[in-house]
Amino acid sequence: MITIERGIEMVLALASSNARPDRMPVESVPLTECMHRILREDIVADSDSPRFDKAIRDGFAVRSEDLSVIPAELRIIGESRAGQSAGDDARVTASTCCEIMTGAALPAGANAVVMVEHTERLAPTRVRILRSSHEGEGLLRQGAEAREGDCLLKSGKRIQLADIGTLASVGKAQVAVSRRPQVAILATGDELVEVRETPDASRIRNSNSYTLYAQVRDAGAEPMMLGIASDTLPDLREKIRRGLESDILLVSGGVSMGKYDHVEEIFAEFGVTVLFDQVAMKPGKPTVFGHRGETFVFGLPGNPVSTMVAFDVFVRPLILRLLKAEDVHPRILEAKLEAPAKRDAARTAVVPAVVRFESGCYKIRTAPWKGSSDLAGLSRANSLIVVPQGEGAIEAGDWAQFLPLD
Ligand code: AMP
Ligand code: MG
């Protein structure tokens with residue numbers, strides 16, 4: 001049995017060594033389609049930003065030295081509007097000012113913008129300024145945000161909302177991102193029926209294929225459904241053979257100690273090299289990881305919560321590493337524990353929990369649930385507390401690590 005940390009290391013090491021450099025080629029996608037994809041080019045500013053000294057207030061462009069005595073009356077010499085370059089005629093000289101709008105270029109001679117709220121219009125060409133101003137107030141100097149040639153986004157970044165705006169601002173209508181790896185999903189079990197069917201008393205609906213499908217998508221890969229295999233060797237063999245043609249194969253169920261758990265046997269038949277098949281994790285102990293050639297293979301324990309957790313812990317980092325993402329590790333946060341959480345002596349436990357913000361801090365408590373098949377219980381939670389293996393408990397008031405579920 002290996003620790004979770006060791007398991008993640010092994011998965012990532014294999015992803016780095018097993019994959020040819022061109023394993024996940026670059027593809028070009030429209031800007032509208034690139035949210036959450038992994039960027040594969042450095043994005044460089046194509047000009048200074050802003051391109052000119054720019055007003056960030058509506059008001060009057062002034063010489064701050066004219067406002068040493070307040071109120072001050074100034075003559076308005078013209079206006080500078082967004083989208084028009086300030087003409088040479090609009091030069092601000094002693095005791096004059098220029099009307100200006102947010103986003104417009106600062107006229108020559110001015111060194112500050114006074115907000116319109118701090119002025120009083122006396123006549124079409126006269127204004128009273130009610131507050132003093134210092135040089136640089138109400139404006140952004142050319143290049144203050146970025147200089148032409150600056151690197152704004154690095155290859156390997158997962159594209160987030162602000163990056164979409166940045167890409168647009170530097171003229172990237174098409175963006176180079178990693179191609180999505182294909183992930184085959186196979187559910188196993190004689191007791192499973194499809195979602196549209198009504199199970200008889202001895203059966204249940206296949207839910208794992210759908211949670212895995214969503215997780216694969218969310219991680220940035222392309223899911224492919226292989227349906228349900230029965231717990232018989234010929235059916236498993238046939239469907240696993242198909243799955244081995246993908247970049248990654250996920251098999252759920254059939255990896256425990258039961259008489260009809262044949263998945264590892266079929267992996268062996270196909271020559272899959274297994275790197276681990278027991279993890280000190282609760283739930284998720286019988287998680288299997290290996291590869292055949294360039295295909296990565298997982299056997300995920302069938303219990304719905306186990307499957308989801310094992311995916312987040314091991315499969316998601318693998319997908320992100322294949323995509324050449326710079327940040328591949330699960331996102332772990334901390335909150336104050338509201339009631340003690342018991343440790344398991346042998347395994348790190350992952351426990352459904354509710355985290356909420358109260359009195360200036362995040363607080364977390366375990367959610368009532370009935371074990372690793374309790375999907376309804378998991379739906380009432382919004383996070384998973386990570387309780388490291390060991391003796392005793394994490395006490396109320398201690399910091400506990402958790403994985404957000406959405
Ligand atoms: P197994 O790992 O095959 O022993 O399955 C463990 C438990 O998970 C059993 O109660 C199965 O019925 C359940 N299970 C396995 N696969 C699925 C699935 N695709 N959807 C929902 N439950 C499943
Ligand atoms: Mg089974």
Side-chain angles (χ1 to χ4, degrees), residues 1 4 7 183-219 223-240 242-243 246 248-269 272 274 276-290 297-316 347 349-352 369-381 384 405:
M1 191 147 80
I4 295 178
V183 182
I185 299 169
L186 178 64
T188 72
D190 287 340
E191 73 280 29
L192 300 179
V193 302
E194 262 313 337
V195 172
R196 285 189 182 77
E197 297 174 46
T198 305
D200 63 27
S202 59
R203 288 163 195 260
I204 57 169
R205 291 193 182 91
N206 167 23
S207 62
N208 289 348
S209 291
Y210 296 90
T211 53
L212 287 171
Y213 192 98
Q215 286 179 295
V216 167
R217 262 282 166 78
D218 186 60
M224 182 179 76
M225 288 289 205
L226 289 181
I228 301 168
S230 64
D231 290 320
T232 62
L233 294 174
D235 197 29
L236 277 171
R237 194 176 285 131
E238 181 46 37
K239 289 180 172 136
I240 287 176
R242 280 188 55 203
S246 293
I248 301 174
L249 166 62
L250 306 179
V251 180
S252 94
V255 288
S256 301
M257 299 303 286
K259 195 168 157 195
Y260 303 102
D261 290 333
H262 297 309
V263 168
E264 280 188 273
E265 199 178 322
I266 305 285
F267 284 173
E269 261 187 46
V272 171
V274 171
F276 61 78
D277 64 0
Q278 290 229 315
V279 184
M281 178 167 94
K282 183 183 174 180
K285 182 175 163 201
T287 300
V288 180
F289 171 66
V297 179
F298 283 93
L300 304 172
N303 267 312
V305 182
S306 316
T307 305
M308 287 169 63
V309 169
F311 182 97
D312 267 354
V313 171
F314 298 113
V315 187
R316 194 168 200 278
R347 291 187 281 160
V350 181
V351 189
W369 77 311
K370 298 285 184 292
S372 53
S373 67
D374 185 6
L375 272 176
L378 192 59
S379 281
R380 288 188 290 267
L384 296 165
L405 281 177

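Counting starts at 1 for both ligands and their atoms, following the listed order.
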Distance filter under 4.0 Å to [X] heavy atoms, resulting ligand 1 atoms:
| X | answer |
| --- | --- |
| Gly254 | 1 (P), 2 (O), 3 (O) |
| Ala187 | 19 (N) |
| Glu191 | 11 (C), 12 (O) |
| Asn206 | 18 (C), 19 (N), 20 (N) |
| Ser252 | 19 (N) |
| Arg205 | 20 (N), 21 (C) |

Residue, atom name and distance, where the atom is the protein heavy atom closest to [atom]:
| atom | answer |
| --- | --- |
| atom 7 (C) of ligand 1 | Asn303 OD1, 3.5 Å |
| atom 18 (C) of ligand 1 | Asn208 ND2, 3.2 Å |
| atom 22 (N) of ligand 1 | Ile204 CD1, 3.4 Å |

So which of Leu384, Leu375, Asn208 actually passes side chain to side chain contact (heavy atoms under 4.5 Å, CB included) with Met308? Leu375
Name of the residue among Asp277, Val297, Val279 meeting side chain to side chain contact (heavy atoms under 4.5 Å, CB included) with Val288: Asp277
Looking only at non-hydrogen atoms, the one of Thr307, Asp261, Leu300, Asp231 nearest atom 4 (O) of ligand 1 is Asp261
Residue selection (non-hydrogen contact nearest atom 23 (C) of ligand 1) among Ser373, Gly302, Ser207: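 Shortest heavy-atom distance from atom 23 (C) of ligand 1: Gly302.
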Student check: side-chain heavy atoms of [X] and [Y] closer than 4.5 Å:
| X | Y | result |
| --- | --- | --- |
| Leu300 | Leu212 | yes |
| Ile240 | Phe267 | yes |
| Phe311 | Leu250 | yes |
| Lys285 | Pro301 | no |

Distance, nearest 0.5 Å, that separates NZ of Lys239 from CG of Leu249: 13.0 Å
Answer yes or no: is there a donor N or O on one side and an acceptor on the other, between the side chain of Arg205 and the main chain of Glu197, under 3.5 Å? yes
Ligand 1-proximal atoms of Leu192, by part, heavy-atom distance under 4.0 Å: side chain
